[in-house]
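See structure below.
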Amino acid sequence: MSILILLLVVLIVVLGVADIRRNLITKPVFGIFKKILPPLSDTEREAMEAGDVWWDGDLFQGKPDWKKLHAIPKAELSVEEQAFMDNEVETLLKMLDDYKIVQEQRDLPPEVWQYIKDNGFFAMIIPKSYGGREFSAIANSTIVSRIATRSLTAAVTVMVPNSLGPGELLMHYGTQEQKDRWLPGLAAGKEVPCFALTGPEAGSDAGGIPDTGVICKGQFEGKEVLGIRLNWDKRYITLAPVATVLGLAFKLYDPENLLGEKTELGITCALIPTSHEGVQIGDRHFPMNMAFMNGTTYGKDVFIPLDWIIGGPDYAGRGWRMLVECLSAGRGISLPALATATGHLATRMTGAYSYVRQQFGMAIGKFEGVQESLGRIGAYTYSLEAMRVMTAGAIDLKLSPSVVTAIAKYHMTEMSRTLLNDAFDIHSGRAIQVGPKNYLAHGYMGMPVSITVEGANILTRNLMIFGQGATRCHPYVLQELEAAANPNAEEGLQQFDSLLMKHIGFALGNTFGALWQGLTLGRFNSSPVSGETAKYYKQLSRMSRALALSADFSMLMLGGDLKRKEMLSARLGDVLSHLYIASAVLKFYEDNGRQVADLPFVRYSIERNLFEIGKAFSGFFQNFPSRVVARLLKTLVFPFGIGYKMPADAVTQDISDALLKPGVIRDRLTHLCFIGEGDEDPTGLMESAFVAVHDAQPIMKKIYAAQKQGSLPRKIPMDQLITKALDINVVTADEAKQLVRMNELRFSSISVDSFKPGVLSDNAL
């Protein structure tokens, strides 16, 4: 006993006396820390420091405050924004014929271009003081989503000027003179912007762009001025073929030290009129058969004045930070909007088709194989809408949550890819015949575009989500890295000493917390609500604690090697991602009044998230380099094994059933889906057929009864069956007329397009 007391006293002295602790513990640990965590590059540091930590920080640190989540204001449209949706957006949708745009014209019609420019579709993010609409992020997202359910080409055309581009960069960083020069023209549609970042040698590694600018003196408007001589070669630039103003990213050099002592200034962004001498707009690309404008631009020895740098000369070399912060618009608004639009359209049309289309004498939506896919489509769409609203809402809080937007970009585009594949599987041959009747084909063609842009999905999952999250969201690691990089060694040691004690306390808390929650299966965790969803909050809190513990052990054991262990770190990123998705679903459910009809969608979504979290942890433990540590972590987190399972079949069937009949939940889930007027539009035709088949069910029951009694044959064409039923008075004349109309709509809606020989060759490229 006396030995234990002595040891305790020694421990208290070592930890409590700063000088002793610093020499015996902190200094050796500090040395090890510097070795295992190599210094960050300038671009890595800027990426880490850019943006804001938001709800992702709560999830990563192991103690999510669910009341804080619920207190976040619900993202909603203003009266002005809703009026724009109801008027200008609806007018635009009626002007669009997506088949002609993509397959025949390869462009938006001139009148559509003019309408978009004249009515402020390019001005949604520009302040009213410059003639813009100054809409919120949720309005931007909702407008793009709605348009995308009608035409992906039109949606991309609208979204690009309102995401990463000259407008976004000017508003955040532009000089007053630059704002006055460009923003009114951009708002009025007189200027069409594009932004050139990607080139043949630089895609995901934007920091490695070979395009250069050299500070020198040159002639501009008849005078010798200080400027930049540019050389660039860019590709994949959306709106480049029609742009009047070019945003350009390049590496800036100052070999003569005309600006200061630094020779390599770093990535810089400039704004250049495309009419400027030497600017070349090259050939047009044709990405996945989509008709939105995309192409190349290049220039050789193009001289521009120094004040064309966005933000002026003071922002020379600060372009990477600017780009990383502004990429949140594309990742958090635009691409999630496109993904959600895919869900709205696929859910509404696939549910209708599954009811209208019959095989073996019954609607295909009654077959369990179809129900499995249809249930997944509906559940994914619920998650997509929840993530869209929550992520755009974060941006409306004037935040730039870089980790959250990376999660949204990756998982939302992947979920939309999955549900679109499901929709194709259910539609079968109806989905693969391209023509005016096909409402899925162009979205399918355009899906790889969303997967690859704004940071390819492989990069986003394997490097960005956990790579940034581990450092940004951790309460101490970024500060510890800064202490390690402090050129004043003694000052750095003192900073590290204070952080180390806090970090040790944080780690111990997570260790014992994870063990307690593992032993109790999280049952004693608090929940902000009662009822069925309370158990989900408890499990998510448990997994949040497990993530905090596993991330700490990973950084401790692997150090700088962790970022090269991409498959390992990506699994922890998956845990963080599914915690975020589940959080969005629960908040969405609460914000919408805890609708009973939503419960199957919530159950499916959260149980899938927990299952994916368990799968990610399983892969993490299985592949962790130290088997001893892996077994320890697994025992702490899952002492009784990983018990999370995919949703029960009954839950999937409940979702499928909800999509097979008209109702409030179907309308709410697909409220952004464009439904054309009349039977000429494919979505309008499918919806009309869906309603007609439902309305005819009481009459069809009479026919089924007659077939069962043997007075009507079973397997004859519907038109003949209707005639026979009328002849023997099973149905009245009015009922027969209703059935004829239903059958016409049904047959037309499941039919596909065909073309006379030679017609398609007229539209060949």
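Just so you know, residue 1 is the first one in the sequence shown, and it goes up from there. None of the values given here were measured: they were computed from a predicted structure.
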(message) Under the rule for side-chain hydrogen bond (donor to acceptor under 3.5 Å, both in side chains), what residues qualify as partners of Arg235, not counting sequence neighbours?
(response) none
(message) I'd like to check Tyr580 versus Thr391 (side-chain heavy atoms, cut-off strictly below 4.5 Å). Are they in contact?
(response) yes
(message) For Ser583 versus Leu69, what's the shortest heavy-atom pair and its separation?
(response) O-CD2, 3.7 Å
(message) Which residues pass the ring pair (Phe, Tyr, Trp, His ring centres under 6.0 Å) test with Tyr382, not counting sequence neighbours?
(response) Phe588, Phe601
(request) Verify, without hydrogens or angle tests, whether Ser656 (side chain) and Thr652 (backbone) share a donor-acceptor contact under 3.5 angstrom. (result) no
Quiz: residues 628-635 side-chain donor-acceptor pairs under 3.5 angstrom, not counting sequence neighbours:
unit_1: Thr635; atom_1: OG1; unit_2: Arg631; atom_2: O; d: 2.7

(request) Report the residues that fulfil salt bridge (charged side-chain N to carboxylate O under 4.0 Å, His left out) with Glu532, sequence neighbours left out, ordered by chain and then residue number. (result) Arg603
(request) Go through the structure and list residues passing salt bridge (charged side-chain N to carboxylate O under 4.0 Å, His left out) with Glu590, not counting sequence neighbours. (result) Arg594
(request) Give a yes or no on whether the backbone of Leu540 and the side-chain of Ser544 come within a donor-acceptor separation of less than 3.5 Å. (result) no
(request) Tell me, with the steps shown, if Asn462 and Ser569 meet side-chain hydrogen bond (donor to acceptor under 3.5 Å, both in side chains). (result) CA-CA 7 Å; Asn462 288 276; Ser569 62; over 6 Å; no
(message) So does Gly619 get a backbone contact from the side chain of Asn623, meaning a donor-acceptor N/O pair under 3.5 Å?
(response) yes
(message) Going by side-chain hydrogen bond (donor to acceptor under 3.5 Å, both in side chains), name the residues that satisfy it together with Glu368, two or more places apart in sequence or in a different chain.
(response) Gln653
(message) Just to verify, what does Asn510 make a side-chain hydrogen bond (donor to acceptor under 3.5 Å, both in side chains) with, not counting sequence neighbours?
(response) Arg545
(request) Hey, could you give me each pair passing side chain to side chain donor-acceptor pair (under 3.5 Å) that has a residue in residues 609-620? Not counting sequence neighbours. (result) His578-Asn609, Glu612-Lys615
Would you mind writing out the side-chain donor-acceptor pairs for residues 521-529 within the sub-3.5 Å range, not counting sequence neighbours?
unit_1: Asn525; atom_1: OD1; unit_2: Gln517; atom_2: NE2; d: 3.4
unit_1: Asn525; atom_1: ND2; unit_2: Gln517; atom_2: OE1; d: 2.8
unit_1: Asn525; atom_1: ND2; unit_2: Lys538; atom_2: O; d: 2.9
unit_1: Ser527; atom_1: OG; unit_2: Val529; atom_2: N; d: 3.3
unit_1: Ser527; atom_1: OG; unit_2: Val529; atom_2: O; d: 2.9

(request) Report the relative orientation of the aromatic rings in Phe620 and Phe617; use parallel for angles under 30°, tilted for 30 to 60°, perpendicular for over 60°. (result) perpendicular
(message) Test of understanding: with salt bridge (charged side-chain N to carboxylate O under 4.0 Å, His left out), list the residues that count as partners of Lys68, not counting sequence neighbours.
(response) Asp58
(request) Under the salt bridge (charged side-chain N to carboxylate O under 4.0 Å, His left out) rule, collect the residues that match up with Asp654, sequence neighbours excluded. (result) none
(request) Please name all residues satisfying side-chain contact (heavy atoms from CB on, under 4.5 Å) with Thr460, sequence neighbours left out, ordered by chain then number. (result) Ala406, Lys409, Tyr410, Met464, Ile465
